[in-house]
Amino acid sequence: MSNVTPARSSGLPRRALLGAAVATAAAGAFDWGLPAVARASTAVGPLFATPGRAVRPKFRWWWPDGLVRPDEIRREIDQIADAGFGGAEIAAVHHSVTDPSVLDTARHGWGSAAWVAGVEAALGQAARRGLTVDLTIGPSWPAAVPGITPDGEAAVKELAYGTATLTAGSAYSGPVPAPVYAAASGVTRQQLLLVQAARVNTANSTRKETGLDLDSPCPTSSTRGPERPSASPATPRTATPSPLASPSSPPRP
């Protein structure tokens, strides 16, 4: 008969004890000094404090075209670099200067010798200071050059519409209703593309929109033809004709 008292069982199977031991050993391998989020923030913090030039904020640099001094342009490039920015984009603001005695576009316009001298000064000083200087692809938006006229083939075209409201059973005969939004100055040619008619139902109207009768037919008359100085008369229609015109529009700032 042995006098050794057997060890009391822990109540856990051997497999559970081994699993607990492995978990304890794995836990010892972690650095519990900082939470994971804090460790990640300390890793990227320096990138925000001293970002590379390619990702630093830049200026939109408004120029009155060539009415600038190269020495002043170089000084402002230095200011941009000293303030920690990554560069600038040169954009034209001559549309805001309407007095030709202040800005003569013939001498100081976009692409003039004075404008080129200013741009070269900006690019040269930016290269020395490690900045990036961008240029818009033209002096206006949509992209254009002064040689494009409102009626030119290269000018942007806009689809516009005009309306005429008729009483039930009446017809319309006369000039094409003027577009709701007037064409830009300088436009002399307009082309009628389409005439539509539909019955109005005020029950479907809102404060800004005219409601139509969804069950009414919507006859369409295509009148596509060559451009002419003035739009041709609309085909007589009952209800509400909506002529669609395509006026040329000049470049806009």
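The figures that follow rest on heavy atoms only: side chains count, while hydrogens, waters and symmetry mates do not.
- Between Asp82 and Arg129, at least one side-chain N (NZ, or NE/NH1/NH2) sits under 4.0 Å from a carboxylate O, which counts as a salt bridge.
- Within the 3.5 Å criterion, the main-chain N or O of Ala88 finds no donor-acceptor partner in the side chain of Arg60.
- Around the CD atom of Glu209, the shell of radius 6.0 Å holds no more than 12 heavy atoms that belong to other residues, nucleotides or ligands.
- In this structure the side chain of Asn201 never reaches within 4.5 angstrom of the side chain of Asp215, judged on heavy atoms.
- The closest side-chain heavy-atom distance from Leu212 to Arg199 is not below 4.5 Å.
- A continuous path of ILVMFWY side-chain contacts below 4.5 Å connects Phe85 to Leu135, so both sit in one hydrophobic cluster.
- Grouping the Ile, Leu, Val, Met, Phe, Trp and Tyr side chains by contacts below 4.5 angstrom, directly or via other members, places Val97 apart from Trp63.
- Thr167 contributes no side-chain N or O that, together with a main-chain N or O of Ser170, makes up a donor-acceptor pair within less than 3.5 Å.
- The hydrophobic cluster containing Trp110 does not contain Leu103, counting ILVMFWY residues as joined when their side-chain heavy atoms lie under 4.5 angstrom apart, directly or transitively.
- Both Leu131 and Val68 are members of a single hydrophobic cluster when ILVMFWY side chains are connected at heavy-atom separations under 4.5 Å.
- Of all the heavy atoms in Glu89 and Thr136, the pair that sits closest is OE2-CG2, 3.8 Å.
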Under the side chain to side chain contact (heavy atoms under 4.5 Å, CB included) rule, what do Asp134 and Ile90 come out as? Steps first, then yes or no, please. CA-CA 6 Å; Asp134 300 322; Ile90 299 173; over 6 Å; no
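- No chain of hydrophobic side-chain contacts below 4.5 Å, direct or via other Ile, Leu, Val, Met, Phe, Trp or Tyr residues, connects Leu67 to Val116.
- The shortest distance between side-chain heavy atoms of Glu158 and Pro179 does not fall below 4.5 Å.
- Contact between Ser205 and Gly211 at its shortest, heavy atoms only, is OG-N, 2.8 Å.
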Let's go through Gln196 and Leu194 carefully: what are the C-alpha distance in whole Å and the side-chain angles of both, what is the deciding distance for side chain to side chain contact (heavy atoms under 4.5 Å, CB included) to 0.1 Å, and is it a yes or a no? CA-CA 7 Å; Gln196 289 184 313; Leu194 192 69; 4.0 Å; yes
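- Lys58 approaches Gly86 most closely through the heavy-atom pair CG-C, 4.0 Å.
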Go through the steps for Ile73 and Trp61 under the test side chain to side chain contact (heavy atoms under 4.5 Å, CB included), then give the verdict. CA-CA 11 Å; Ile73 294 299; Trp61 200 2; 3.7 Å; yes
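- Pro177 has its side chain out of reach of Thr163: every pair of non-hydrogen atoms, C-beta onward, lies at least 4.5 Å apart.
- With 3.5 Å as the limit, one finds a donor-acceptor pair spanning the side chains of Asp65 and His94.
- Side-chain contact between Leu193 and Leu159 is present, with at least one heavy-atom pair separated by less than 4.5 Å.
- Closest heavy-atom contact between Gly109 and Trp115: O-CB, 3.5 Å.
- In this structure, the side chains of Arg75 and Asp71 stay at 4.5 Å or more apart for every pair of heavy atoms.
- Counting all heavy atoms, side chain and backbone alike, Ile80 lies closest to Gly87 at CG2-O, 4.0 Å.
- For the atom pair CD (Gln79) and CZ (Arg74), the distance works out to 14.5 Å, reported to the nearest 0.5 Å.
- The minimum heavy-atom distance linking Val187 with Asp151 is given by the pair CA-OD1, 3.8 Å.
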